Amino acid sequence: MTTGRSLRIGEALLGGGLFALGALIAVETMLTPSAGRGVVGPALFPYLVSAGLMLVALSLLREAFAGHIAHEGGLELDPRAVVLVAAGLAAQFLLIEYLGWIPSAALLFVAVARAFGNRRYLLNAVFGLVLAGGTFAVFNYGLDLNLPIGTVGEWFLPAE
């Protein structure tokens with residue numbers, strides 16, 4: 001049986017590790033010459049990820065030293081949900097070049113929503129397509145970073 005003290009030490013180690021990872025991402029982004037110094041550009045997302053990691057890390061550290069740890073009763077793991085999310089990620093990885101970003105990201109969204117217990121597949125697919133389409137538009141047209149359109153998507157593009 002795991003004691004409360006060892007859980008707090010583990011929580012503190014996890015928080016410290018996440019903070020170090022966030023700091024490393026921030027430093028590496030600063031040292032990358034192509035990152036630029038503009039407000040919006042390629043460096044924005046690594047800085048956002050870094051800030052998010054460090055905020056979560058600080059929250060974990062605060063809970064480890066002064067608060068209530070959520071998993072004091074033991075770690076509850078839903079293996080079916082883990083398998084669904086892993087299968088969705090694998091499917092996206094395997095299908096992204098063929099189907100493109102939008103359908104493969106929508107498929108991942110449906111898998112993750114199902115893992116969280118949602119059974120409205122059609123609504124999840126529509127919502128996933130809208131979110132994936134939005135991210136595709138932001139990355140491809142707003143940031144000029146090309147997400148894959150896929151072999152299937154190229155069939156619908158006009159010939160050049």
Side-chain angles (χ1 to χ4, degrees), residues 11 13-63 70-71 75-160:
E11 198 91 353
L13 289 173
L14 178 62
L18 279 179
F19 193 86
L21 179 61
L24 175 70
I25 291 171
V27 168
E28 286 298 320
T29 303
M30 281 189 274
L31 296 176
T32 302
S34 65
R37 300 290 174 241
V39 175
V40 177
L44 175 66
F45 288 103
Y47 282 132
L48 289 175
V49 169
S50 171
L53 282 172
M54 291 195 291
L55 285 173
V56 169
L58 290 173
S59 175
L60 282 171
L61 288 168
R62 185 185 68 79
E63 291 299 316
H71 58 275
L75 181 64
E76 294 180 22
L77 182 66
D78 183 3
R80 184 168 182 249
V82 172
V83 168
L84 277 169
V85 172
L89 284 168
Q92 184 184 32
F93 176 75
L94 294 171
L95 296 174
I96 196 165
E97 288 298 322
Y98 181 69
L99 293 179
W101 171 260
I102 295 173
S104 64
L107 181 66
L108 175 61
F109 184 87
V110 170
V112 171
R114 179 63 192 108
F116 279 106
N118 193 315
R119 294 179 183 256
R120 294 178 281 187
Y121 299 109
L122 183 60
L123 181 63
N124 291 336
V126 169
F127 197 62
L129 285 170
V130 169
L131 284 174
T135 57
F136 184 85
V138 166
F139 274 81
N140 281 32
Y141 304 115
L143 297 173
D144 202 26
L145 301 171
N146 296 323
L147 292 175
I149 190 131
T151 306
V152 173
E154 290 174 356
W155 295 343
F156 299 106
L157 290 177
E160 292 182 27

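Worth knowing before you read on, the calculation uses all heavy atoms, side chains too, and leaves out hydrogens, waters and symmetry mates. Just so it is clear, the structure is predicted and the values come from calculations on it, not from any experiment.
- Residues satisfying the side-chain hydrogen bond (donor to acceptor under 3.5 Å, both in side chains) test with Asn140, not counting sequence neighbours, are none.
- In this structure Leu131 satisfies the side chain to side chain contact (heavy atoms under 4.5 Å, CB included) test together with Phe109, Phe127, sequence neighbours excluded.
- For residues 82-91, the set of pairs meeting the side chain to side chain donor-acceptor pair (under 3.5 Å) definition, not counting sequence neighbours, is empty.
- Residues that satisfy the side-chain hydrogen bond (donor to acceptor under 3.5 Å, both in side chains) test with Ser59, not counting sequence neighbours, are absent from this structure.
- For Ala115 against Val85, the heavy-atom pair with the smallest separation is CB-CG2, 3.7 Å.
- Between atom CG of residue Leu129 and atom CG of residue Leu107 there is a gap of 10.0 Å, rounded to the nearest 0.5 Å.
- Take Tyr141 and apply the side chain to side chain contact (heavy atoms under 4.5 Å, CB included) test, not counting sequence neighbours, and it matches Phe136, Ala137.
- Residue Ala26 comes nearest to Tyr47 through the heavy atom pair O-CE2, 3.8 Å, listed as atom of the first residue, atom of the second, then distance.
- When all heavy atoms of Leu61 and Gly16 are compared, the pair lying nearest together is CD2-N, 3.8 Å.
- Scanning for side chain to side chain contact (heavy atoms under 4.5 Å, CB included) contacts around Leu60 gives Glu11, Leu14, Leu18, Val56, with sequence neighbours left out.
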Side chains of residues 90-102: which donor-acceptor pairs under 3.5 Å do they make with residues two or more places apart or in other chains?
{"unit_1": "Trp101", "atom_1": "NE1", "unit_2": "Ala132", "atom_2": "O", "d": "3.4"}
{"unit_1": "Trp101", "atom_1": "NE1", "unit_2": "Thr135", "atom_2": "OG1", "d": "3.0"}

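- For Ala106 against Gly128, the heavy-atom pair with the smallest separation is CB-C, 3.7 Å.
- Residues Ser50 and Gly22 come closest through the heavy atom pair OG-O, 2.6 Å.
- With sequence neighbours excluded, the residues forming a ring pair (Phe, Tyr, Trp, His ring centres under 6.0 Å) with Phe139 are Phe45, listed by chain and number.
- Each side chain to side chain donor-acceptor pair (under 3.5 Å) pair with one or both residues in residues 115-134, not counting sequence neighbours, appears once here: Arg114-Tyr121, Asn118-Asn124.
- Residues forming a side chain to side chain contact (heavy atoms under 4.5 Å, CB included) with Leu21 (at least two apart in sequence, or on another chain): Ile25, Leu53.
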